[in-house]
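These figures come from a predicted structure and were not determined experimentally. Numbering of ligands and ligand atoms starts at 1, following listing order.
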Amino acid sequence: MERGKLERGQMEALQRLPAVDLVLKHLEKADGAPAVPRPLLVEGVREAIEALRRDILKASGEEASGVDLAPGAVARKALLLVEKGRARSLKKVINATGTVLHTNLGRSLLAEEALQALAEVAGNYSNLEYNLEEGERGERYDHVQKLLCRLTGAEKALVVNNNAAAVLLALSTLARGKEVVVSRGELVEIGGSFRIPAVMAQSGARLVEVGTTNKTRLEDYREALTAETALLMKVHTSNYRVLGFTEEVPLQDLVALGEERGLPVLEDLGSGVLEDLTPHGLCHEPTVRERIEAGASVVTFSGDKLLGGPQAGILVGRAEVIAAMGKNQLTRALRIDKLTLAALEATLLLYLDPEEALKRVPTLRMLTVPPGELEAGAQILARALQESLGKAARVEVIKEFSAVGGGALPLAKLPTFAVAAAFPGTSTSRLAEKLRSLEPPLLLRVQQDRLLLDPRTLVEGDRELIPGLIGEAMAEAKGV
Ligand SMILES: *Cc1c(COP(=O)(O)O)cnc(C)c1O
């Protein structure tokens, strides 16, 4: 932001800015520089000088006079920029928000078994599309096909890149150029711009909306059927609920109507729970098996929501319907990659023993941690924080709620115990900002001028890092 008129201090500072060559000469004499390829170094120096120029233009005359523009100082800044440019951008963060399926933080964490499978398949050749028994070409989908059928009761399965892709593929295969009947109450938008009407348009199918936002009856579907109707679709309102004076048509009734008219029924289930979680205190989410048993021709769901695996879109259902999807050219474009497939197979294998799955799949474990364990974790963290921060902070353990997140179980509030830390005289929003810039970045909730840390979403080793990170952020927040 260039101002119309510069103050004297600013002008002098701009004149003092060193030339690129001068800083480079300084760097060539110093240690540490030779390890950096020269083009990167030149770029870093240019960027550093540019950044300083912007600082000067933004500063007051007095502040500008105080900026250190010696070649050594500029060189240090340049090296920091080079380092930042060479560091990975995608990296681990600590999630202390308590939101388990945090879409912006990568949704599900993979189980140890899935990580191992992924690493093995990534670093070696594999039988991805090779049938070892026959010694000939095989199908990548075979590695999860049987498992998915066993876990859901379906006849056949297919896996693509994500659930949005699964819905697109299903609609394109079953209803391209034809009509699809959907209830107005189910025209969902899921975070990241997945909208049923838009996906429908993309697939080449025509959306026929029936009923109203809060009430749709079987008659509404029946009256909408024409010679052009190819499909009845149900969408699980996975990230919201229509409450109060409502009515929706149970899947069974839609299936009966479909049978009467020879129409398939597709359900976009969204979250894809394989195991009923109600015995563990969560509200009911229809399991994939329930929907297959209710007669859906195809059910689609995500791999990285309540299933707790990698990002993937899973389609299960009747053999002839899934086989038709496999022949659609889109399948090739949307196909799942080998790393995802390895992680998905390993995750699904854990589900063969549901008790084990609850312990080993991180998403399931986090959703079902006993409150006593959360309280104990919060107490340990609170003590460590209080000890390391001393009088600078007031720390206590409070009762709170964690969210499931990821557009799943929208009404569920999971009781938890959180550590609440107040820092008299320090801005908590500024602290939270500093915490995001550290290694690893620490993400948490800010509530009523306190930092809130929920142990539910911490992974092994996180808790021990937190006091140091908060101490570092305190020092930085004060230093400015
Ligand atoms: C989450 C969700 C999607 C999108 O799934 P992705 O795997 O994120 O592509 C689609 N439909 C419903 C109902 C969902 O809940």
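Of the polar atoms of S302, at least one N or O is found under 3.5 Å from an N or O of ligand 1, judged by distance alone. The shortest N or O to N or O distance between I190 and ligand 1 is not below 3.5 Å.
Counting only heavy atoms of the protein, atom 9 (O) of ligand 1 lies nearest to A164 N, 2.9 Å. Nearest protein heavy-atom neighbour of atom 15 (O) of ligand 1: S238 OG, 2.4 Å. When hydrogens are left out, the protein atom nearest atom 11 (N) of ligand 1 is D268 OD2, 2.6 Å; that is the closest non-hydrogen contact.
Proximity of a side-chain donor or acceptor of S183 to a complementary backbone N or O of G185 within less than 3.5 Å is detected. A donor-acceptor pair is defined here as one N or O able to donate and one able to accept, closer than 3.5 Å; such a pair exists between the side chain of R140 and the backbone of I336.
Applying side chain to side chain contact (heavy atoms under 4.5 Å, CB included) to I94 and the options L453, L465, L443 leaves one that passes, L465. Each of L263, L231, L225 was scored for a side chain to side chain contact (heavy atoms under 4.5 Å, CB included) with V181, with one residue passing: L225.
Contact annotation for N163 and ligand 1: heavy atoms of both the backbone and the side chain come within less than 4.0 Å of the ligand.
Distance CD/E356 to CG/L349: 12.5 Å, rounded to 0.5 Å. Distance check, rounded to the nearest 0.5 Å: OH of Y221 to CE of M233 gives 10.5 Å.
Under a 4.0 Å criterion applied to the non-hydrogen atoms of H236, ligand 1 contributes the atoms 13 (C).
Selection from K305, Q311, R107, E186 by nearest heavy atom to atom 8 (O) of ligand 1 gives R107.
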